[in-house]
Amino acid sequence: MLDRKYVVENAEAVKSNCLQRGASADIDRIVALELQRRAKLAEAEEWNRQANAVSAQIGKVPAQEREEFKEKGRLLRAHKEQSQKDHDALDREIDSLLSRVPNMTHPSAPIGNDDHANLEIARGTTPIPTFDFKPKDHLELGAIHDMIDFEAGARVAGAGFYFLKRDAVLLDLALQQFSLSLLIRKGFVPITTPDVASTDILHGIGFIPRGPETQIYSIENTELNLVATAEITLGGMYHNQVLEAEELPLKLVGISHCFRTEAGAAGRASRGLYRVHQFTKVEMFAFTTPDQSSSVHEEIRAIECEIFDALEIPYRVVDTATGDLGGPAYRKYDLEAWMPGRGNGGEWGEVTSTSNCTDYQARRLNIRYRVKGEKGTHYAHTLNGTAVAISRALIALMENHQLADGSIKIPKVLVPWVGKDRIG
RNA sequence: GGAUGGGUGGCAGAGCGGUUUAAUGCACCGGUCUUGAAAACCGGAGUAGUCGUAAGGCUACCGGGGGUUCGAAUCCCUCCCCAUCCGCCA
């Protein structure tokens, strides 16, 4: 959420930002309502002040005059209640309008309506493989080695769920172990998080759990929801907390299951593991001061590259265009891995994403930091980035490392965890 | 899940309907004293919103929400959390 004061004072900049991001938001109305709200607040406070003054006198006033003062107090409180009610109504309306206004945008982010405007800015060290045979997709490879069981997943939980079996399980755990230990070496604090979170935490991060197009599974008769990413729980971890500036940047690496309804995604290219309702993800998260966030964002991006280079998977890095940033991101980089089994002869498919959300999430979550010796507090900046999303990493890994006989080469860095250098 | 006791400023801890602008102690910052330090003494200090060029006002905040009252940290309801005990259980 943006700062109201900022919106009032920079209405034109906010408007043009909304335009670039394809967000329809009535900024003029927000500004007008906010000005009304402030006036109502001043009014309510003034009634309250007068009422307080009357109440303070009652104890000292002679008994026969008390009734008169009480009546005066009642009247003032009634005025205060009315002003307060008006104020609260304005406040709620502003809040609901403001929650649909996206974050401001990094000046270097490419401008455009959707992912076609995304800008490729780098490639990984592993070249796109050339096969002297017809490469199989991960579904065929999975079937050969009995690694993924979609039919059983459907029987148990419906389409979009699956069982990992045999070597896929070893790969799953190997990817987690490898990425986690790499991040621990880089100073990230390892964390396993709840797989559910309350609705207000989801709102704070920028998810809308109960809308018609929600991506979120909610638990009936509770305020709990299955998390779509550990970003939700890691960000929520410090809800309403004040951090010390000297402990920033605070870098976390969390492991969680991720649940997504994928409502409205039917029909999109989604064979196999690419778009599923549940997967496991190793996620980076950072709390920083405002002047640290850009460099930490670059650091997270570099770590994502390091991981996929180490996995010997070809990828490109994309600077996400304004129209494709979503609500909270100020800037976003995606890693798109080469997936030989996608489309006709291979396609890029998103495997990681890292966002600098500046203070957009921290404002609603009320996560602040304090500088020693200075008065007051400031909102922290939050960043998130995928280390490894297991399902998509598996696709890229299996399809890129396949050999003519259908066997799959295990990248060197995973061999210690898998216990062998080849599947099949 | 049941029973009981609790949630007050950075921490400890009083207050249980109106001089509370939340006592007091510790920790913290500044000052006096001292060659320096300690001790002692004096003073200061929370968060947020809002008004004001400023100095400085004002309002809210004693786990969250609601209620009673002219007035609530204090009384009532409700939810959450913590502690201890019991039950159950990976």
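What you see is a predicted model, and the numbers here were worked out from it, not measured in a lab. Because only heavy atoms are used, hydrogens play no part in the values below, and waters and symmetry mates are left out as well, while side chains stay in.
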Minimum-distance nucleotide to A/Arg37 side chain [options: B/G71, B/U47, B/U50]:
B/U50
Just call it for A/Lys80: base, sugar-phosphate, or nothing, with non-hydrogen atoms closer than 4.0 Å on any strand.
nothing
P spacing across the pair B/A48 / B/G67, given as an integer number of angstrom
27 Å
What about the rings of A/Phe285 and A/Phe287, do their centers lie closer together than 6.0 Å?
yes
Six-ring centre of A/Phe279, A/Arg392 cation under 6.0 angstrom, axis tolerance 45°
no
Taking for each residue the nucleotide of RNA chain B with the nearest heavy atom, is it A/Gly376 or A/Ala51 whose nucleotide lies nearer the 5' end?
A/Gly376
Atom C1', compared across B/C79 and B/G10: separation rounded to whole Å:
28 Å
Just to verify, which of A/Arg37, A/Lys40, A/Gln36 counts as forming a side chain to side chain donor-acceptor pair (under 3.5 Å) with A/His87?
A/Arg37
If you check every side-chain atom of A/Ile58, which of B/U47, B/G18, B/U50 has the closest atom?
B/G18
Any strand counts, and the cut-off is 3.5 Å on both contacts for Watson-Crick or G-U wobble. Which nucleotide pairs with B/A73?
none
Presence of A/Arg368 side-chain N/O under 4.0 Å of B/A48 phosphate oxygens OP1/OP2
yes
Applying the 3.5 Å cut-off to both distances, the Watson-Crick or G-U partner of B/C61 turns out to be B/G46
Would A/Tyr333 and A/His297 count as a close aromatic pair, with their ring centres under 6.0 Å?
yes
Provide the distance between the two C1' atoms, one in B/C16 and one in B/A27, to the nearest whole Å.
28 Å
Rounded P spacing from B/C82 to B/U8 in Å
14 Å
Taking the C1' atom of each, how far is B/C29 from B/C80, in whole Å?
37 Å
What's touching nucleotides 53-59 of chain B from the protein side, N or O pairs under 3.5 Å?
from	atom 1	to	atom 2	distance (Å)
B/U59	O3'	A/Asn48	OD1	2.8

Please verify the inter-ring angle class for A/Phe308 with A/Tyr315; under 30° counts as parallel, over 60° as perpendicular, anything in between as tilted.
perpendicular
Separation of the C1' atoms in B/G44 and B/G52, to the nearest angstrom:
24 Å
Considering only atom C1', compute the distance from B/G56 to B/U69 and round it to an integer number of Å.
33 Å
Integer angstrom distance from the P of B/C88 to that of B/G1
16 Å
Distance check: side-chain N/O of A/Thr377 vs OP1/OP2 of B/A48, anything under 4.0 Å?
yes
Closest non-hydrogen contact found for A/Ala393 with A/Leu175 is CB-CD1, 4.1 Å
Between CD on residue A/Glu283 and CG on residue A/Leu183, distance to nearest 0.5 Å:
10.5 Å
Which of B/U50, B/U47, B/G71 is nearest the side chain of A/Lys5? It is B/U50
Partner lookup for B/G1, please. Criteria are Watson-Crick or G-U wobble with both distances under 3.5 angstrom; report none if nothing qualifies.
B/C86
Pairs meeting criterion salt bridge (Lys or Arg N to Asp or Glu O under 4.0 Å) with involvement of residues 168-190 of chain A, two or more places apart
A/Lys186-A/Glu306
Looking across every strand, which nucleic acid part, if any, lies under 4.0 Å from A/Arg66 by heavy atom: base, sugar-phosphate, or nothing?
nothing
For B/A37, the Watson-Crick or wobble counterpart (both distances under 3.5 Å):
none
Of A/Ala56 and A/Leu41, whose closest RNA chain B nucleotide lies nearer the 5' terminus?
A/Ala56
